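Every value quoted in this text rests on a predicted model; they were computed, and no experiment measured them.
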Amino acid sequence: MEESLAGAPDSPSTQDNMPPHVLKDVKLLMESLEGLSTPSKDGDSTLLDPGTSSILDDNTRTDPAPEVGRSRSSGLCFSDGKCHIDYILVYRKSGPQSEKREIFERNIRAEGLQMEKELSVCNSDVIFLKLHAPWEVLCRYAELMNIRMPFRRKIYYMHRRYKFMSRMEKRINRFRGWLPRKPMKFDNNTLPDLEENESFTAPFSRSRIHHFTIHNKDTFFNNATRSRIVHHILQRVKYEEGKDKMGLNRLLSNSSYEAAFPLHEGSYRSKNSIRTHGAENHRHLLYECWAWWGVWYKYQPLDLIRRYFGEKIGLYFAWLGWYTGMLFPAALVGLMVFLYGWFTLDHCQVSKEICQATDIIMCPICDEYCPYLRLSDSCIYAKVTHLFDNGATVFFAVFMAVWATVFLEFWKRRRAVLAYDWDLIDWEEEEEEIRPQFEAKYSKKERMNPISGKPEPYQAFTDKYSRLIVSASGIFFMILVVIAAVFGIVIYRVITVSTFAAFGWALIRNNSQVATTGTAVCINFCIIMLLNVLYEKVALLLTNLEQPRTESEWENSFTLKMFLFQFVNLNSSTFYIAFFLGRFTGRPGAYIRLINRWKLEECHPSGCLIDLCMQMGIIMVLKQTWNNFMELGYPLIQNWWTRRRLRQEHGPNAKASFPQWERDYNLQPMNAYGLFDEYLEMILQFGFTTIFVAAFPLAPLLALLNNIIEIRLDAYKFVTQWRRPLPSQAKDIGIWYGILEGIGILSVITNAFVIAVTSDFIPRLVYAYKYGPCAGQGRAGERCMMGYVNASLSMFRVSDFENTSVPRTDGSDMFGEAVKYCRYRDYRVPPDSPGEPYSYTLQFWHVLAARLAFIIVFEHMVFTIKNLIAYLIPDLPKDLRDRMRREKYLIQEMMYEAELERLQKEKNEKKKNYRAHHNALL
């Protein structure tokens, strides 16, 4: 690409060698620098319709006729084929606020930006305003924004190796020779564009411009940096007289402009293979090595993502990839726990006893319509329960609690490495602008900003906290709405179980409880999705009611509300099934009823864990399937409809001749809340993976499979379906990290209660050590569980039933004679005992004490392990800390040496001029 700025002052480019004394203890790994001076390939794959009209507004000067060439045809340059388009603004001729727009554009020119207007090919009312930042403007604002730019190749310090380590490395490398050569990594020989030129960077300074490595002014600032600089300028340009009447965001909010976006770098497809002809542009490269489904098993090219989309989006995909990678050991251990239950199924004494208990008659689980059942009818459910509730469950719960801590601690280390590689260590956010809504509301009352020293709108203490109280009340009310929805599901389950028990179809009638649970979960999922729509509107209303001062405060407040709403909405029914279902039903003959009418639902004879597993499995699968469809399906349908309309109006090949700005305008804009939806989906999944993982060990495996698809779905969406988002910087994932830590703490508590209360782990342990055949022997095994089923069931006399609970059949049709006694899950004395009938036995109190003791011991032990791990794992890797210190030292030395060389050159130049002048006089 030829230089686009005629008349720009030439800046000397330096390629000085390192000083000798700096190279004493280092080994300089010099790589080829040819790639730095190669011409740019941005957007070479599309052709601009030569009939496209341009320069249609009186406010913009008329440029000469466009030069027909590769740069012109790409749709990435002005009509002269030289000035690169750094930003696009879109508005309508018939749109409002034309005066503000004219003032804004006049001030844009005053800042030094070049402009060109062009009429839309599809709609004559739509006008595209193309912006280009000349070299002088880029340099000035790069210095103001403290943008770090490369000035020297990086130097790597090679640690001394011991002979033993060298021999070990040779043996390991010999063994690796038999293995595939890093199949998950990209081959830099076939994809040379993936090679990153690592260089030392420093804040750009025009006074020290000779220190920076400038091979080509057009490519020194990459496209993402150019767009960020132009956006920074647009946010500070005034559109009306007044101290605060400025900024592109305000003009977008009042519809002065319809859209604003940087351009994609051409098409993401090419007729030629990337391996034989190379990538046409970075977008094409991203598609081939990241968004294409054929590379699902490879690592993400994070440096390329960061270079194209900016650090904020790069950090999201880095976190998502790290989370997915950490799910591998969790999924593997969860699968092993499940397989352990599968292989020990035939040896489980409890399941054997349930399957062989043909003579044990269970009491009906509902009023009137439910019949008496044999305990052996629960054989299948007992076996399925053993797959999830077995001896390895406690170990897996502890493992997942530790895993969550290790995941977060090592993510901090990974984030630190990325921050170093991406020059974010010393980056600090700029002083944020005040939100226009806040400014309009409190413009009458001002006070001095302690940082900028300028007067700004001020919100009184009483006004601020009164709004927060109202907002908190709204949050509390919406949580009550969730509880009301759960209560409705409970009533549905109570009513439906009797309906299914009297159902004409034998399959439904014999599995009435499972059918009730399955339909209730599906209805609950529909309610969850409907309430999510309502919650978004309520969260938006409450956040605007609070009147946050800045955009980051607004974003954090909105994020916290949406997470709280959706977390409670998604998990409320799960909490009910885990900790309340079957716990407060009473006993036969003295049931606790809702509104003195409906008997509360009981657990299945094989336990409540099967209901919890069904709830988690169905919700998790349906939620992830729905999210993936909405993430990709909606943009695909919208873009398909747009393409269909364009084909009908302009012919089947019309889009191929559209310029790049026209193509990008027809894509879907990025979500209004940025990465909020992407983060929220993954955080809620993290909650499902950790909070009730003791009841559903396959949750990490389902999450892993979903995330492998999720990464490519998000990549495909960003590269092909969305307009290019504005590249922005960020040091971490923000408020989401604190939410992840909170979920990690909550998961320890919930898993402790799931193991102690929901599963039968504690009752079996108490029986084995206290009441079973091995009582007093200090050991527990399958032989020690003989007789456990009989000991865990209590006796009930049928004649003691309430009038509303008496079954319609006396059981003679099933058992040959009328049932006089039935069994139910509890620890109560028989009705014929000399003491008070149906009172709790001593075993009940032993089990209750053991459950409470287990919860306390489990929580303290796991929290101790978590805190110890968090303490032992430093946030910054030691080698990274050493690299940072050495780099700081080398940068100071190089700056010093470069300055000395510059002074020496100036001194020699003066001597040369003096001698020439002296010789001329002679």
Got a donor-acceptor contact below 3.5 angstrom from the [X] side chain to the [Y] backbone?
{"X": "T543", "Y": "L540", "result": "no"}
{"X": "R764", "Y": "I762", "result": "no"}
{"X": "N790", "Y": "G787", "result": "no"}
{"X": "W403", "Y": "M326", "result": "yes"}
{"X": "D377", "Y": "L373", "result": "no"}
{"X": "E817", "Y": "S812", "result": "no"}
{"X": "Y767", "Y": "M786", "result": "yes"}
{"X": "S747", "Y": "G744", "result": "yes"}
{"X": "R583", "Y": "V757", "result": "yes"}

When you compare the side chain of [Y] with that of [X], does any pair of heavy atoms fall below 4.5 Å?
{"X": "F395", "Y": "V333", "result": "yes"}
{"X": "F565", "Y": "V538", "result": "yes"}
{"X": "R823", "Y": "L375", "result": "no"}
{"X": "V350", "Y": "H386", "result": "no"}
{"X": "K561", "Y": "I475", "result": "yes"}
{"X": "V521", "Y": "I618", "result": "yes"}

How long is the gap from [atom1] on [X] to [atom2] on [Y], to the nearest 0.5 Å?
{"X": "D359", "Y": "S376", "atom1": "CG", "atom2": "OG", "value": "8.5 Å"}
{"X": "Y679", "Y": "L740", "atom1": "OH", "atom2": "CG", "value": "9.5 Å"}
{"X": "L468", "Y": "L542", "atom1": "CG", "atom2": "CG", "value": "11.0 Å"}
{"X": "F761", "Y": "T393", "atom1": "CZ", "atom2": "OG1", "value": "8.5 Å"}
{"X": "L581", "Y": "T585", "atom1": "CG", "atom2": "OG1", "value": "8.5 Å"}
{"X": "L387", "Y": "C348", "atom1": "CG", "atom2": "SG", "value": "10.0 Å"}

If you take all heavy atoms of [X] and [Y], which pair is closest and at what distance?
{"X": "P763", "Y": "Y788", "result": "CB-OH, 3.5 Å"}
{"X": "L534", "Y": "M478", "result": "CD2-CE, 3.9 Å"}
{"X": "A578", "Y": "T758", "result": "O-OG1, 2.5 Å"}
{"X": "A768", "Y": "M785", "result": "CB-SD, 3.9 Å"}
{"X": "A382", "Y": "I354", "result": "CB-CD1, 3.7 Å"}
{"X": "G391", "Y": "Y340", "result": "N-CE2, 4.1 Å"}

Donor-acceptor list for residues 846-865 side chains, cut-off 3.5 Å, not counting sequence neighbours:
from: H846; atom 1: ND1; to: Y771; atom 2: OH; distance (Å): 2.5
from: R851; atom 1: NE; to: A756; atom 2: O; distance (Å): 2.7
from: H860; atom 1: ND1; to: I856; atom 2: O; distance (Å): 2.8
from: T864; atom 1: OG1; to: H860; atom 2: O; distance (Å): 2.6

Query - Distance under 6.0 Å and angle within 45° of ring axis: R587 vs F796 - result: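 Negative - R587 is either too far from the ring of F796 or too far off its axis.
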Report task. Check whether the side chains of D826 and S794 place a donor and an acceptor atom closer than 3.5 Å, and report yes or no. Result ->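 Checked: D826/S794 side chains show no N/O donor-acceptor pair below 3.5 Å.
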Query raised in the report: Between S805 and R593, is any side-chain donor less than 3.5 angstrom from a side-chain acceptor?
Result: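 Checked: S805/R593 side chains pair up, N/O donor to acceptor below 3.5 Å.
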Could you work out, with side-chain contact (heavy atoms from CB on, under 4.5 Å) as the rule, every residue matching [X], not counting sequence neighbours?
{"X": "N532", "result": "I528, M529, Y535, Q566, N569, K623"}
{"X": "I523", "result": "I489, Y492, I527"}
{"X": "Y372", "result": "I361, P364, V798, F801, P807, F815, V819, C822"}
{"X": "L480", "result": "F476, I483"}

Please report, to 0.1 Å, the donor-acceptor pairs under 3.5 Å made by any side chain of residues 831-839, with sequence neighbours excluded.
from: D832; atom 1: OD1; to: R797; atom 2: NH1; distance (Å): 2.7
from: D832; atom 1: OD2; to: Y821; atom 2: OH; distance (Å): 2.9
from: S833; atom 1: OG; to: P830; atom 2: O; distance (Å): 3.0
from: Y838; atom 1: OH; to: R797; atom 2: N; distance (Å): 3.2
from: Y838; atom 1: OH; to: D800; atom 2: OD2; distance (Å): 2.7
from: S839; atom 1: OG; to: E836; atom 2: O; distance (Å): 3.0

Query raised in the report: Do other residues, nucleotides or ligands put more than 12 heavy atoms under 6.0 Å from K352 NZ?
Result: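 Enclosed.
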Query - Atom CZ of F407: over 12 foreign heavy atoms under 6.0 Å - result: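 Atom CZ in F407 is crowded, with more than 12 foreign heavy atoms closer than 6.0 Å.
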Requested in this report: For the residue pair F579 and F575, categorise the inter-ring angle as parallel (less than 30°), tilted (30 to 60°) or perpendicular (more than 60°).
Outcome: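 Geometry flag for F575 against F579: tilted rings.
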Requested in this report: Kindly assign one of parallel, tilted or perpendicular to the pair F676 and F558, based on the angle between their ring planes and the thresholds 30° and 60°.
Outcome: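 Tilted: the ring planes of F676 and F558 meet at 30° to 60°.
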Report task. For C355, enumerate each residue passing the disulfide bond (SG atoms under 2.5 Å apart) test, keeping only those at least two apart in sequence or located in another chain. Result ->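 Listed in chain order: C379.
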Report task. For N571, enumerate each residue passing the side-chain hydrogen bond (donor to acceptor under 3.5 Å, both in side chains) test, keeping only those at least two apart in sequence or located in another chain. Result ->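 Not a single residue meets the side-chain hydrogen bond (donor to acceptor under 3.5 Å, both in side chains) criterion with N571.
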Requested in this report: Hey, could you give me each pair passing disulfide bond (SG atoms under 2.5 Å apart) that has a residue in residues 748-814? Not counting sequence neighbours.
Outcome: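 Passing the test, one end in residues 748-814: C774-C784.
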Requested in this report: Apply ring pair (Phe, Tyr, Trp, His ring centres under 6.0 Å) to F563 and list each qualifying residue two or more places apart in sequence or on a separate chain.
Outcome: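 Partners of F563 under the ring pair (Phe, Tyr, Trp, His ring centres under 6.0 Å) test: F567.
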Requested in this report: Decide yes or no on side-chain contact (heavy atoms from CB on, under 4.5 Å) for R828 and Y840, but give the supporting numbers first.
Outcome: CA-CA 4 Å; R828 294 178 184 269; Y840 288 116; 3.0 Å; yes
Please report, to 0.1 Å, the donor-acceptor pairs under 3.5 Å made by any side chain of residues 682-705, with sequence neighbours excluded.
from: Q685; atom 1: OE1; to: Y323; atom 2: OH; distance (Å): 2.8
from: Q685; atom 1: OE1; to: N707; atom 2: ND2; distance (Å): 3.3
from: Q685; atom 1: NE2; to: Q624; atom 2: OE1; distance (Å): 3.0
from: Q685; atom 1: NE2; to: N707; atom 2: OD1; distance (Å): 2.8
from: T689; atom 1: OG1; to: Q685; atom 2: O; distance (Å): 2.7
from: T690; atom 1: OG1; to: F686; atom 2: O; distance (Å): 2.8

Query raised in the report: Does any pair with a residue in residues 746-761 pass salt bridge (Lys or Arg N to Asp or Glu O under 4.0 Å), and if so which ones, sequence neighbours excluded?
Result: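 Qualifying pairs: D760-R825.
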